[in-house]
Engineer: 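Input: one structure, supplied below.
Note that the coordinates shown come from a computational prediction; the quantities given were computed from them, not determined experimentally.
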Amino acid sequence: MTTLIDQTAPKLTPKDFVSDQDVRWCPGCGDYSILKQVQTVLPDLGRPKEEFVFVSGIGCSSRFPYYMDTYGMHSIHGRAAAIATGLKSSRPELSVWMISGDGDSLSIGGNHFIHLLRRNLDINVLLFNNQIYGLTKGQYSPTSEKGKVTKSTPMGSIDHPFNPIALSMGADATFVARTMDRDPKHIQQMIRRGYEHTGTSLIEIYQNCNVFNDGAFEVFTEKTSKKNETLFIENGQPLIFGDNSDKGIILDGFKPKVVDLTQGYSASDCWVHDEQDQVKANILARFFDNPSIEGHLPRPFGVFYAIERPTYNDLLNQQIAYAIEKNGEGNLDKLIAGKETWTIN
Amino acid sequence: MTTLIDQTAPKLTPKDFVSDQDVRWCPGCGDYSILKQVQTVLPDLGRPKEEFVFVSGIGCSSRFPYYMDTYGMHSIHGRAAAIATGLKSSRPELSVWMISGDGDSLSIGGNHFIHLLRRNLDINVLLFNNQIYGLTKGQYSPTSEKGKVTKSTPMGSIDHPFNPIALSMGADATFVARTMDRDPKHIQQMIRRGYEHTGTSLIEIYQNCNVFNDGAFEVFTEKTSKKNETLFIENGQPLIFGDNSDKGIILDGFKPKVVDLTQGYSASDCWVHDEQDQVKANILARFFDNPSIEGHLPRPFGVFYAIERPTYNDLLNQQIAYAIEKNGEGNLDKLIAGKETWTIN
Amino acid sequence: METAEEQILESVVIRFAGDSGDGMQLTGTQFTNAAALYGNDLATFPDFPAEIRAPQGTLAGVSGYQIHFGSKKINTPGDTCDVLVAMNVAALKANIGQLKIGGTIIVNSDGFDSKNLRLANVPEDQNPLENGSLDKYEVKKLDITKITRLALADSGMGTKEIDRSKNMFVLGLIYWMYNRSIDKSIEFINSKFKNKPQIAEANIKLLKAGYHYGETTETFNARYEVKPAEMAPGVYRSIMGNEALAYGLVAASVKSKLPIFLGTYPITPASDILHELSKYKNFGVRTFQAEDEIAGVCAAIGASYGGSIGITTSSGPGIALKMEAIGLATVLELPLVICNIQRGGPSTGLPTKTEQSDLMQALYGRNGECPVPVIAAATPSDCFNMAFEAVRIAAQHMIPVFLLSDGYIANGAEPWCFPQSKDLPEIKIDFAKPTEEKFMPYARDEKLSRPWAVPGTPGLEHRIGGLEKQHITGNISYDAHNHEFMVKLRQEKVDKLADDIPLQTIDNGAEKADVLIIGWGSTYGAIKTAVNALLLDGKSVAHAHIRYLNPLPKNIGELLKNYNKVLVAEMNNGQLIKILRDRFLVDAIGLNKIQGQPFTTEEIKNKLSEILG
Amino acid sequence: METAEEQILESVVIRFAGDSGDGMQLTGTQFTNAAALYGNDLATFPDFPAEIRAPQGTLAGVSGYQIHFGSKKINTPGDTCDVLVAMNVAALKANIGQLKIGGTIIVNSDGFDSKNLRLANVPEDQNPLENGSLDKYEVKKLDITKITRLALADSGMGTKEIDRSKNMFVLGLIYWMYNRSIDKSIEFINSKFKNKPQIAEANIKLLKAGYHYGETTETFNARYEVKPAEMAPGVYRSIMGNEALAYGLVAASVKSKLPIFLGTYPITPASDILHELSKYKNFGVRTFQAEDEIAGVCAAIGASYGGSIGITTSSGPGIALKMEAIGLATVLELPLVICNIQRGGPSTGLPTKTEQSDLMQALYGRNGECPVPVIAAATPSDCFNMAFEAVRIAAQHMIPVFLLSDGYIANGAEPWCFPQSKDLPEIKIDFAKPTEEKFMPYARDEKLSRPWAVPGTPGLEHRIGGLEKQHITGNISYDAHNHEFMVKLRQEKVDKLADDIPLQTIDNGAEKADVLIIGWGSTYGAIKTAVNALLLDGKSVAHAHIRYLNPLPKNIGELLKNYNKVLVAEMNNGQLIKILRDRFLVDAIGLNKIQGQPFTTEEIKNKLSEILG
Ligand SMILES: Cc1ncc(C[n+]2csc(CCOP(=O)(O)OP(=O)(O)O)c2C)c(N)n1
Ligand SMILES: Cc1ncc(C[n+]2csc(CCOP(=O)(O)OP(=O)(O)O)c2C)c(N)n1
Ligand code: SF4
Ligand code: SF4
Ligand SMILES: [Mg+2]
Ligand SMILES: [Mg+2]
C-alpha cells in the first residue's frame with residue numbers, strides 16, 4: 001500500500017480509486033457510469049486520496065462508497081447530510097462528498113438536505129435522481145411524476161413531485177447544477193465545478209434505473225431526442241439548443257420562450273446565462289414541463305446558480321481560532337474552579 | 001352544551017371559540033393577538049365549530065389549540081404537518097388548521113413542512129415566526145439572523161437563516177402569505193384568505209417574543225418606521241409604500257428598485273402585484289434584506305402567491321370513490337379467497 | 001410413453017436456486033400454487049439477497065426458494081432438501097450443504113463454465129461437476145441454456161430475453177417429475193404477459209418443453225407422486241404472511257366499520273403490506289406513502305383521531321424512528337396498530353433476512369413509562385388472525401398495539417383454510433355521543449378505555465396532547481400525584497387487557513412434563529415439528545406458543561410450574577426469556593439462533609434432547 | 001442594633017416560592033452561593049413550571065427553589081422546609097404542605113389581595129392570612145411590594161420594572177436572618193447589570209433595604225447562625241449537575257486530546273449542557289445546534305469518524321429519535337457519548353420535572369441486538385466523574401455510551417471539592433497507523449475494540465456502514481454464522497467492559513445485613529440520608545448505589561447473596577429491578593415514586609422500616 005503524503009508521489013489514476021469490492025448494481029444501471037466518472041475526475045484534483053471521504057445514506061446509489069478506495073461511510077437512510085456536516089465541521093481540511101438518492105435526500109432526508117444547503121458546508125452532494133425507490137424495489141419517490149403507477153400506487157401517484165433544483169434554490173443553496181448518467185463528459189465537468197466551489201455544491205444527476213423505472217430520462221439521453229429536449233447552459237453563453245443549435249430561449253417579460261434561430265432570431269437575441277443571477281436561475285429551475293406537453297421548454301443541464309457565501313465550517317473554525325486567540329487556550333483548572341471557590345483546611 | 005347541527009342555530013361569536021383553559025403565555029407575548037384574531041375570524045366563516053380542528057407541534061405557539069374551544073391536538077415537536085395530513089386525508093370535510101413555530105416547522109419539522117406544501121393538502125398553516133426558540137428559553141432558530149447572540153451562540157450564530165417564503169415557494173406551495181402579530185386587521189384578512197384557498201395555505205406571522213427576542217420585528221410594527229419598512233401587497237395593485245404612500249417599486253430588468261413617487265415616477269410606473277405570477281412572487285420573496293442596510297427594500301406583507309392545484313385529499317378521496325364505482329364496494333369474502341382455492345371434503 | 005417408474009412419497013423438499021435474474025422466486029411460487037391446488041400441505045421459504053440484482057454468477061447474487069410439500073401435516077419448509085435445482089456454480093455452492101445425502105441435483109451445466117467458476121470463486125480444476133465431489137448425490141446435468149435457446153431459436157427474441165425463460169423449462173420438468181398439471185401456470189403466463197403475446201408464447205413453449213423433456217428423455221428413472229394431505233375439510237388457498245396480515249386488517253376494518261388509514265414508508269420486508277393495501281381502495285382503505293416513518297405513524301395518529309383505524313407498518317430501523325410518536329399515541333390513548341415485520345439487526349443489519357430481535361424494542365423502546373400491548377403471529381396464516389386481533393384491541397381499548405411478524409413468515413406460504421366473513425366476530429365500536437353533561441375525554445369504562453370522540457361531533461370539542469393529563473378531564477396537569485396515578489393507570493389498562501385475551505394453552509404435549517419449550521412468533525413450525533417427533537419417541541416434553549406477549553396471558557405463571565425445565569427458543573440473543581425470568585423468577589434456559597435463518601427442526605430437537613438428558 | 005437573639009442551628013431548609021416572574025430562582029441561586037462560600041454543605045432543588053411564564057398569580061405559575069444548608073453533611077434538599085418565602089397566595093398554597101409545623105412563613109401580603117385569591121382559586125373569605133389556617137406556623141407578613149415601590153419611588157423606573165426587584169428585598173432579609181454578607185450579591189448585581197447602572201443601583205438599594213429591614217424592625221426576634229460544615233480539606237466550589245457534566249466532558253477532552261464535537265438540539269432539561277459547552281470554544285469544543293435530534297447525533301457520529309469525541313445530549317423524546325443512529329454507531333463501533341438528562345415521561349410528559357424512567361429505553365430502545373454501555377451519575381458533582389468516564393469508555397472501547405442524569409441533579413447544586421487537572425487520569429488513545437499489512441478495520445484488541453483510523457491517514461482508507469460486517473475485514477457479510485458471531489461479539493465487548501470498571505461497593509452499612517437497598521442515579525442523597533438515620537437506630541440495613549448499569553459490576557451477583565432482602569428504589573415504575581430479577585433471579589422488592597419529584601428521606605425510611613419489620 002503506497003503512502004501518499006509524499007508530494008512527489010506518482011500521480012494517481014482512476015484505478016487507485018477502485019476498491020476491492022465487487023460492484024453489485026444491476027447490469028445496465030446508470031450508477032455505473034457515475035461511479036466511473038467520479039473515479040476518472042478524482043485523480044486530477046491533485047489531492048492525496050486519503051483526504052477524500054464519501055458519505056452516503058441508504059439506497060442503491062448509497063452503496064457507492066464501498067466501491068471507492070477512499071474513506072467512506074454507508075450510513076442510514078436520509079442522514080448522510082447530517083453525518084457529513086459533523087465530519088466537515090470538525091475536519092474542514094478533508095474533501096467530503098455526499099452520495100444520495102431521490103428517496104434518501106428528498107424523502108426521509110429532506111430536512112437535513114435543506115439545512116445543509118442553507119448552512120453551506122463545503123460538501124459536494126451528488127444526488128442520484130432515478131425518480132424511484134430502487135433498493136426497496138420500485139415504489140414512487142418524491143420526484144416521480146404525478147400519475148405514476150408503481151407498486152405502492154396502483155391507481156397512479158397523486159403527489160405533486162418536488163423540483164429538486166427549485167427546492168434547492170428556495171433553501172438558499174450556493175451551487176446548483178444538473179447533469180445525467182449518460183453524458184460522461186458533462187458529469188465530469190459538473191463534478192469538477194462542484195469540487196471547485198467553496199460551499200455546498202448540489203449536483204442533481206438524472207440516473208436511469210433500468211429495472212424499476214427504465215427510460216425515465218430517455219428523451220434527454222437518447223440521441224434522437226436529446227438535442228431538442230435538453231438545454232446545456234454555460235455561464236456567459238446564450239441559451240441555445242436544438243438539432244443544429246437552431247433554437248434559442250428569449251425572455252418575453254418574465255416568460256421564457258423558445259424561438260427559431262433560423263427564422264429572424266439570432267444568438268444575440270437569446271438570454272445569456274448568468275450563474276450569479278438568482279432570479280434567472282429560479283426561472284431556469286422552472287423549465288420543468290413534462291416533455292410530452294406541446295410547446296414545452298427544454299430541460300436545462302449545467303450550473304444553474306453559483307455564488308460565494310461563507311461556509312459553516314469556515315465560520316465555526318474561525319470562531320474557535322478567534323476564541324483561542326482572544327482567551328488563550330482553555331485552562332482546565334480555571335474552568336473547573338469557576339469564579340468562586342473557598343478553601344477548607 | 002349547545003348542539004350545533006341545527007342550521008338555524010344562533011350565529012357563533014368569538015367567545016364560542018374561547019376554551020375554559022387559562023392562557024399561559026408570557027404577558028405581552030405576540031401570541032395573544034394571533035389567538036384573538038383567529039377567534040374573531042372563525043365565527044364569520046359560517047361553519048359549525050365542531051368542524052374545526054387545530055393541530056400543533058411543540059413550542060410556546062403550539063399551546064394554541066388548548067385555548068380554542070374546538071377539536072384540537074397538541075402533538076409532538078415538528079410533527080403537526082404529518083398528523084394534520086393524516087387527519088385531512090381521511091376526513092376531508094373537516095377544516096384543519098396547523099399551528100406551529102419557526103423551530104417546530106423549519107427546524108425539526110422542516111421535512112414534513114415542505115412535503116405538506118408540495119402535496120397541497122387543504123390545510124391552513126399558521127407559522128408563528130419569532131426567530132427564536134421560545135419554549136426552551138432562547139436558543140437561536142433557523143430564522144434567526146446571522147450573528148445573533150443567544151444562549152447557544154455566545155459568539156453569534158453562524159447559520160445562514162431560512163427565508164420561509166422563499167423556501168415555501170421552492171417547495172411548490174400554492175398559497176404563500178406573510179402578516180404580523182401587531183396588525184390585527186391584516187392577520188384577519190390573511191386568515192380569511194388562507195381559509196378560502198383550496199390547498200395548503202402557508203401564512204407566516206411575525207410574532208414578537210418579548211422575553212427572548214424582544215423587538216425582532218419592531219421596524220415593521222412600530223408606527224414610526226412601519227410605513228417605510230413594510231410593503232403591503234395586494235393583487236392587482238401597484239407596489240406602493242412609504243409615509244405618504246410616496247414610494248413605489250419598479251422593476252429594472254429583473255432588479256426591483258425603490259422609486260420616489262413625488263419625483264417623476266407615478267403609481268402607474270410601479271410593478272403591479274399578480275398573485276399568480278411565480279417569477280414575481282419569487283422576486284418579492286427575496287425582499288429580505290436586513291433593514292439596517294442602506295438602500296434596502298421594504299418587507300412585503302400580504303399574499304405573495306396563490307394558485308390552484310388539486311389537493312392531495314381530493315385526489316385520494318377521488319381514487320377511493322372511483323375504485324368503488326369501478327370495482328364495487330369491497331367484498332371481504334372475495335378478497336380473502338383470492339384467485340385460487342381448493343376444497344377438501 | 002411411461003418410461004419412468006412411479007414412487008409415492010409422503011413429503012418432498014425442493015430447493016430452487018439460481019442467480020437473482022434467473023427467476024427462481026417465480027418458479028417456486030408457481031410450483032407452490034400447483035402443490036397447494038393439488039391439496040398438499042406445504043410450507044415455503046424464499047431466501048434472497050439484499051441487492052436488487054447482485055452481480056451475476058456470484059455467491060452474493062444467489063436467490064433461493066424452498067418448498068416442502070406433502071401428504072402429511074407440514075409445519076416447516078424443511079431442514080434439508082431432497083431436490084436441489086442449481087442454475088449455476090454459485091447456486092450449487094451456496095446450497096449443497098442443505099441437500100440430503102443421496103438427494104437429486106438438477107444443474108444447468110451451462111452455469112458451470114469458466115466464467116461462472118471464476119465468479120463463484122471456484123478454481124477451474126475444482127468444477128464440482130467434474131471433480132467427483134457430488135458423487136454422493138444423484139446429479140442430473142442438463143444444458144438448460146442451450147435447450148432454451150434452441151427451443152426459442154425462431155421466436156424472434158434476442159438471446160438475453162430468451163435466456164430469461166430458462167426457469168420455465170425447469171418448472172415444466174419439475175411438474176413432470178411430481179406429476180402435476182401445467183395448466184394453471186399456462187393460465188398465469190397468459191395473464192401476466194397479456195400485452196406481450198410473443199413472450200407468453202415463448203414461456204409456454206418452454207414450460208411444455210420441460211415437461212416433455214421429463215417424459216421423453218430417460219434422464220429420470222423415477223417419477224413421484226405426493227398425494228394430497230389429509231386436511232380438515234374446508235375451502236383452502238395458499239397464503240403468505242404479509243398478504244394474510246393485510247387481509248386481516250381489511251377484515252377487521254369491515255367488521256368494525258372503521259376505515260383503514262395506513263401511514264407508512266417502504267422498507268424490506270414490510271413494503272408488501274403497503275403494496276397489498278394500496279389495491280383495496282374500494283374497501284375505503286387509504287394508504288399514504290409518507291416522506292419518512294415518522295410522518296407515516298403521525299399521519300396514522302391523525303387519522304385515528306379522526307375516527308379511522310390508524311395503521312403503520314415497518315421493520316426495525318423504521319420502528320426505531322416511530323417511537324416518539326408511539327409514545328404520543330400512548331398518552332393520547334388513541335387506537336394505532338404498529339406492524340413490525342422484523343429483519344436481521346442491529347442497524348441496517350441483514351435487511352432481507354429474518355430475526356426476532358425487536359421484542360425488547362416493542363416493549364421498552366420509548367421514553368418514560370410507556371407500556372403498550374404486544375402480540376405476535378406464529379405462521380403465515382396466523383398473520384390474518386393477529387392483525388384482526390391488533391385492530392380489535394387497539395380500537396376497543398383505545399391504545400397503540402404492536403403486531404410482530406418477521407421476514408420468514410411474511411414471505412413464507414402455507415395452505416390456509418380461510419374463514420368466511422360471516423364467521424368473523426363483529427368488532428363493536430361506540431364513538432362518543434353528546435350528552436347533557438360536559439364531555440370528559442379521559443373518563444373511563446370498565447376496560448379503563450377512554451371515549452373516542454371524533455371531530456365533527458357537535459358538543460364534544462376537546463383538546464388532547466402529549467403533556468401529562470389530568471384524570472377524567474384530560475386537561476394538562478403537572479400535579480405530582482395525578483402523574484403517578486396516570487402512569488399506573490396506563491399500566492393497569494395494559495394489564496387489564498389480560499381479561500380480554502385467551503388463556504395460554506399447551507399447543508402440544510402434556511399439561512405436566514419434564515420440559516416445556518416456549519416459543520413465540522415464527523418459530524412455531526419448527527418447534528411443533530420437533531416436539532411432535534420427540535413425543536412420538538415418548539419423550540416428556542410440551543410446547544407452548546405465546547401469541548400475546550404483553551400483557552402475558554394470566555395463567556402463564558401457573559402453567560410454568562408444571563414443568564421441571566423451561567426452554568425458550570428465540571431467533572435473537574434472548575429477549576422473551578428475560579421477561580419470563582423477571583416476572584416468574586423461573587430459571588429458564590435459552591435456545592438462540594441469530595443467523596438470519598429460521599430454526600431447523602433438528603436444532604430444536606437436539607437442544608430438547610440435551611435437556612431431557 | 002442587635003435586637004434579635006442569635007441561635008445556632010445545625011441545618012436549615014428554606015424554600016423560596018413565588019410567581020415565575022418573581023425571580024425566585026435567582027434569589028435561591030444567590031443564597032446558595034453565599035451559603036457555599038461560607039462553607040456550609042448544601043443541596044438545592046429548583047422546581048419550576050413548564051411554561052416560560054405561566055399566567056401570573058396562578059398555581060400553574062408558581063416557581064420554587066429549595067435550599068438545604070448546614071454545618072453537617074447534607075445529602076438532599078430536605079423533605080420539608082423550615083422557612084417558606086411565599087410571594088403570593090398561589091405560592092403559599094402550592095408549598096405550605098412542605099413546611100414543618102412551627103416553621104416560619106415570610107409572605108408578601110400584597111400577593112394576597114382579591115385578584116391573587118381569585119387567580120389561585122381561593123374563595124375571598126378563605127384568605128389564609130386571615131382565616132387562622134396558618135396558626136401552627138410563625139407568619140411574617142410584609143407588604144414587600146409596597147416597601148419596594150417606596151424604596152424606588154424616585155429611581156425614575158416604571159412600576160413594572162420596580163416590582164421586578166422585589167426579590168432583592170427578600171434576599172437581603174434572608175441574608176440578615178442567617179448572618180450572611182451581602183457583598184457577593186452586590187458584586188453579582190454590578191456585573192450582571194454592567195450596562196444598566198440604574199437597574200443595578202435599584203437592586204442593590206433593595207438588597208440593602210431587606211438587610212436593614214431585618215436589622216431595624218422587630219419583626220424577627222431571632223437571627224440564626226449555621227456554622228460551616230466539617231468537610232474534607234480542599235478547595236470547594238458550588239456546582240450544578242449540568243455544569244459538572246459539561247466540565248467532565250471538557251476534562252476528558254483535555255485528558256484524551258480528543259476535541260469535543262457536540263451535536264444536539266435544545267430540550268429541557270438538557271439544553272444547559274449545550275449552553276455551557278458553547279462557551280468553551282477556546283478548548284477546541286465545537287457545538288452544533290442541529291435541525292433536530294437525529295441530525296445532532298448523526299453529526300456527532302460523523303465527527304467521531306473524523307477523530308473527535310462525538311457527543312449528543314437530550315432528554316427522553318429526543319433520545320427516542322436518536323435510537324436508529326445509535327444503532328448505526330454500535331455497528332460502526334465508533335465512540336459516541338449520549339447524555340440523557342431524564343425528565344417526566346412518557347411522551348412530552350412533565351418536561352420540567354424529574355424522573356428515572358428512561359433506563360429501559362437506554363438498554364433496549366433499538367432494533368436488533370444492540371447492546372451499549374449505560375452509566376449513571378448519582379449527584380450533581382458526580383456528573384463530572386461520570387461524564388469523564390463516559391468519554392473514556394467510549395473512546396477506549398470504540399462504542400457508544402449512554403450517560404444518564406436527570407432534571408433533579410442537573411439543576412440541583414452542591415459544594416464540590418473539585419479535582420486538579422494534574423490529578424485526573426490520562427485517557428490514552430491510539431489512532432491506527434499505517435503498517436505493511438493490509439488494514440483491517442474490524443480487527444480487535446484484547447478489549448475487543450477495533451482500530452480508530454481517521455480520514456487523512458494515508459493507507460488506511462476503508463469503508464464502514466450499517467450492514468452486518470465480516471469479522472476482521474469489516475466488509476459487508478450476509479453469512480449466517482458470521483452474523484451470529486458478530487452479534488455475540490458485540491455483546492461480549494460490552495460484557496468484557498466489566499473488567500474495566502470498578503467493582504460494586506457498599507456505600508453505607510454492613511457487608512452482610514437484613515436489607516440491602518439498591519439505588520442508581522439521583523436517588524443517592526435521599527437513600528444515603530435515610531440509611532444513615534436507620535443505621536444510627538441500629539437497623540440492619542445497607543445501601544449500594546449502582547453507577548455502572550450495563551455491564552453491571554462483576555461482583556453484584558455475589559453481593560446480593562449477603563442480604564435477606566433487596567429493595568430497589570427508583571423514580572419510575574420499576575426498571576432496574578427488572579434487570580436484577582432477570583439476571584440474578586432475586587425476589588427484589590420495588591420502591592417506586594413517579595411524581596416528577598425526588599424521593600424524600602421519609603419515604604425511603606418508611607419503606608425500609610416496613611421491610612425490616
Ligand atoms: C429508516 C429506513 N427506512 C426505510 C428504509 C428502506 N429504504 C432503503 S433505501 C430506500 C429508498 C431508496 O430510494 P432512493 O433513495 O431514491 O435510492 P435508490 O435505491 O433509488 O438509488 C428505502 C425506502 C431504510 N433502509 N431505513
Ligand atoms: C423531540 C423534541 N425535541 C426538542 C424539544 C424541545 N423543544 C420544545 S419547543 C422547541 C422549540 C420551540 O421553538 P419554536 O418552534 O420556534 O416555538 P416558540 O416556542 O418559539 O413558539 C424545542 C426545541 C421537544 N419538546 N421535543
Ligand atoms: S434497482 Fe435500479 S437503481 Fe438499483 S441497482 Fe438496479 S437498476 Fe440501479
Ligand atoms: S417565551 Fe416568548 S414566545 Fe414564549 S410565551 Fe413568552 S413571550 Fe411568548
Ligand atoms: Mg431513487
Ligand atoms: Mg419560535
Side-chain angles (χ1 to χ4, degrees), chain C residues 49-50 60 294 315-321 323-324 327-328 330-332 342 344-353 355 357-358 360-361 363-370 465-468 478 480-481 483-484 487-488 490-491 572-573 578-579 581-583 585-587 593-597, chain D residues 49-50 60 294 315-321 323-324 327-328 330-332 342 344-353 355 357-358 360-361 363-370 465-468 478 480-481 483-484 487-488 490-491 572-573 578-579 581-583 585-587 593-597:
Chain C
I294 302 177
S315 192
I319 297 290
L321 290 168
M323 284 301 182
E324 190 205 4
L328 173 68
T330 307
V331 174
L332 297 183
Q342 300 165 94
S347 192
T348 311
L350 296 174
T352 57
K353 305 289 174 190
E355 206 160 281
S357 54
D358 298 347
M360 290 311 241
Q361 184 197 30
L363 289 167
Y364 300 126
R366 293 160 297 281
N367 57 298
E369 293 290 348
C370 196
L467 286 161
E468 184 59 280
Y478 301 118
H481 292 280
H483 177 51
E484 182 158 308
V487 166
K488 300 216 164 181
R490 283 184 291 259
Q491 181 63 54
N572 60 35
N573 208 12
K578 288 199 169 65
I579 310 300
R581 290 175 61 96
D582 157 36
R583 281 284 297 281
L585 298 179
V586 49
D587 197 1
K593 180 172 185 181
I594 325 158
Q595 303 180 5
Q597 303 279 347
Chain D
I294 302 177
S315 193
I319 296 290
L321 289 169
M323 285 300 182
E324 191 204 4
L328 174 68
T330 307
V331 173
L332 297 183
Q342 299 164 93
S347 192
T348 311
L350 296 174
T352 56
K353 306 289 174 190
E355 206 160 280
S357 52
D358 298 346
M360 290 310 241
Q361 184 197 30
L363 289 167
Y364 300 125
R366 292 160 298 281
N367 57 298
E369 294 290 348
C370 196
L467 287 162
E468 185 57 280
Y478 302 117
H481 292 279
H483 177 51
E484 182 158 308
V487 165
K488 300 216 165 181
R490 282 185 292 259
Q491 180 64 52
N572 59 36
N573 208 13
K578 289 199 168 67
I579 311 300
R581 289 174 60 96
D582 158 36
R583 281 285 296 279
L585 297 179
V586 49
D587 197 2
K593 180 174 184 180
I594 325 156
Q595 303 179 5
Q597 303 278 346

Engineer: Name the region of D:E324, side chain, backbone, both or neither, that has any atom closer than 4.5 Å to a heavy atom of chain C.
Structural biologist: both

Engineer: Taking C-beta and beyond as the side chain, do C:K578 and C:M360 meet within less than 4.5 Å on heavy atoms?
Structural biologist: yes

Engineer: Relative to chain D, which of C:H481, C:R581, C:K488 shows the most heavy atom pairs under 4.5 Å?
Structural biologist: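 Between C:H481, C:R581, C:K488, the count favours C:R581.
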
Engineer: Would you mind telling me which of C:G345, C:P317, C:G316, C:G596 has the largest number of heavy-atom pairs within less than 4.5 Å of chain D?
Structural biologist: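 The residue among C:G345, C:P317, C:G316, C:G596 with the greatest pair count is C:P317.
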
Engineer: Enter the distance from C:K353:NZ to C:Q595:CD here, rounded to the nearest 0.5 Å.
Structural biologist: 11.5 Å

Engineer: Between C:P346, C:S357, C:G368, C:P351, which shows the greatest number of heavy-atom pairs under 4.5 Å with chain D?
Structural biologist: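 Counting heavy-atom pairs under 4.5 Å, the top option is C:P346.
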
Engineer: Report the distance from atom SG of C:C370 to atom CG of C:L328, rounding to the nearest 0.5 Å.
Structural biologist: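 Result: 9.5 Å between the selected atoms.
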
Engineer: When only pairs under 4.5 Å are counted, which of D:G327, D:G349, D:A320 shares the most heavy-atom pairs with chain C?
Structural biologist: D:G349

Engineer: Looking at D:L585, D:D358, D:V586, which one has more heavy-atom pairs under 4.5 Å with chain C than the rest?
Structural biologist: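 Highest number of pairs under 4.5 Å: D:L585.
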
Engineer: Sort out for me which of C:T330, C:I294, C:V487, C:L363 touches chain D most, counting heavy-atom pairs under 4.5 Å.
Structural biologist: C:V487

Engineer: Can you tell me how far apart NE2 (C:H483) and CG (D:L350) are? Round to the nearest 0.5 Å.
Structural biologist: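 The NE2 atom of C:H483 sits 4.5 Å away from the CG atom of D:L350.
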
Engineer: With a 4.5 angstrom heavy-atom cut-off, is it the side chain or the backbone of D:R490 that approaches chain C, or both, or neither?
Structural biologist: side chain

Engineer: Starting from the C-alpha separation in whole Å, work towards a yes-or-no answer on side-chain contact (heavy atoms from CB on, under 4.5 Å) for C:R366 and C:M323.
Structural biologist: CA-CA 6 Å; C:R366 293 160 297 281; C:M323 284 301 182; 3.5 Å; yes

Engineer: Only pairs of heavy atoms separated by less than 4.5 Å count here; which of D:T348, D:I579, D:I594 has the most with chain C?
Structural biologist: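 With the most close heavy-atom pairs to chain C, the winner is D:I594.
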
Engineer: Side chain, backbone, both or neither: which part of D:I319 has an atom under 4.5 Å from a heavy atom of chain C?
Structural biologist: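 Answer is neither: D:I319 stays 4.5 Å or more from chain C.
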
Engineer: Which region of D:Q597, side chain (C-beta onward) or backbone (N, CA, C, O), has a non-hydrogen atom less than 4.5 Å from a non-hydrogen atom of chain C, or is it both or neither?
Structural biologist: side chain

Engineer: Looking only at non-hydrogen atoms, find the nearest pair between C:V331 and C:G465 and report the distance.
Structural biologist: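 Heavy-atom minimum between the residues: CG1-O, 3.7 Å.
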
Engineer: Does any heavy atom of chain C fall under 4.5 Å from the side chain of D:Q491, the backbone, both, or neither of them?
Structural biologist: side chain

Engineer: Counting heavy-atom pairs closer than 4.5 Å to chain D, which one of C:L332, C:L321, C:T352 comes out on top?
Structural biologist: C:L321

Engineer: Restricting to non-hydrogen atoms, name the atom on C:E369 and the atom on D:N572 that form the minimum distance, rounded to 0.1 Å.
Structural biologist: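 In this case the closest contact between C:E369 and D:N572 is OE2-CB, 3.3 Å.
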
Engineer: Counting heavy-atom pairs closer than 4.5 Å to chain D, which one of C:S315, C:G365, C:A480 comes out on top?
Structural biologist: C:A480

Engineer: Side chain from CB out, backbone as N, CA, C, O: work out which of these in C:E355 comes under 4.5 Å of a heavy atom of chain D, or both, or neither.
Structural biologist: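 It is the side chain, since no backbone atom gets that close.
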
